[in-house]
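In what follows, a structure is listed as structure tokens, so that the remarks can point back to it.
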Amino acid sequence: MKTYYCGTSSVDDRGHMTAAVTESVKAQECPKNTCTSTRRKDIYKDWFENRKEAEDFADEARSA
């Protein structure tokens, strides 16, 4: 089993972006990335093989 890390980002209708490493899971395979749209924002969950990649993703997303 391997640990995978989730970088969650969201963009609201005004273009405001938030991002963070939100969870980890032990699994045989990397979970699939997902996108959920709500009335006010889009939420993206991207999975990474190590915490550093997930943190770098969140840092980059916040600075966009």
Side-chain angles (χ1 to χ4, degrees):
M1 289 248 197
K2 183 170 170 103
T3 302
Y4 296 95
Y5 298 88
C6 181
T8 301
S9 59
S10 67
V11 182
D12 67 20
D13 290 342
R14 297 180 191 179
H16 182 255
M17 164 79 76
T18 61
V21 178
T22 56
E23 60 186 295
S24 64
V25 66
K26 288 188 182 215
Q28 296 273 346
E29 295 180 11
C30 187
K32 292 187 180 191
N33 297 339
T34 61
C35 175
T36 305
S37 292
T38 67
R39 191 168 21 146
R40 296 185 195 151
K41 62 184 167 183
D42 295 330
I43 303 164
Y44 303 91
K45 289 191 170 204
D46 296 288
W47 290 90
F48 300 91
E49 292 193 10
N50 64 60
R51 186 166 183 87
K52 172 93 169 90
E53 287 179 6
E55 289 171 350
D56 290 346
F57 165 81
D59 290 342
E60 187 175 322
R62 282 191 299 267
S63 67

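Every heavy atom of this structure was used, including side-chain atoms; hydrogens, water molecules and symmetry mates were not.
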Query raised in the report: Distance-only, no hydrogens or angles: does the Arg62 side chain make a donor-acceptor pair with backbone N or O of Ala19 under 3.5 Å?
Result: yes
Query - Test item: Asp42 side-chain N/O and Cys35 main-chain N/O as donor-acceptor pair under 3.5 Å - result: no
Once rounded to the nearest 0.5 Å, what's the spacing between atom [atom1] of [X] and atom [atom2] of [Y]?
| X | Y | atom1 | atom2 | result |
| --- | --- | --- | --- | --- |
| Trp47 | Cys30 | CH2 | SG | 8.0 Å |
| Asp46 | Asn33 | CG | CG | 4.5 Å |
| Arg40 | Arg14 | CZ | CZ | 10.0 Å |
| Thr8 | Tyr44 | OG1 | OH | 12.5 Å |

Query raised in the report: For the residue pair Phe57 and Phe48, is the inter-centroid distance of their aromatic rings smaller than 6.0 Å?
Result: yes
Side-chain heavy atoms of [X] within contact of [Y], under 4.5 Å:
| X | Y | value |
| --- | --- | --- |
| Lys2 | Lys26 | no |
| Glu53 | Tyr5 | no |
| Met17 | Ser10 | no |
| Pro31 | Val25 | yes |
| Asp13 | Lys41 | no |

Report task. Mind running side chain to side chain contact (heavy atoms under 4.5 Å, CB included) on Glu23 and Lys45 for me, showing each step along the way? Result -> CA-CA 10 Å; Glu23 60 186 295; Lys45 289 191 170 204; 3.0 Å; yes
Query - Counterpart residues, side-chain contact (heavy atoms from CB on, under 4.5 Å), relative to Lys52 (two or more places apart) - result: Asn50, Asp56
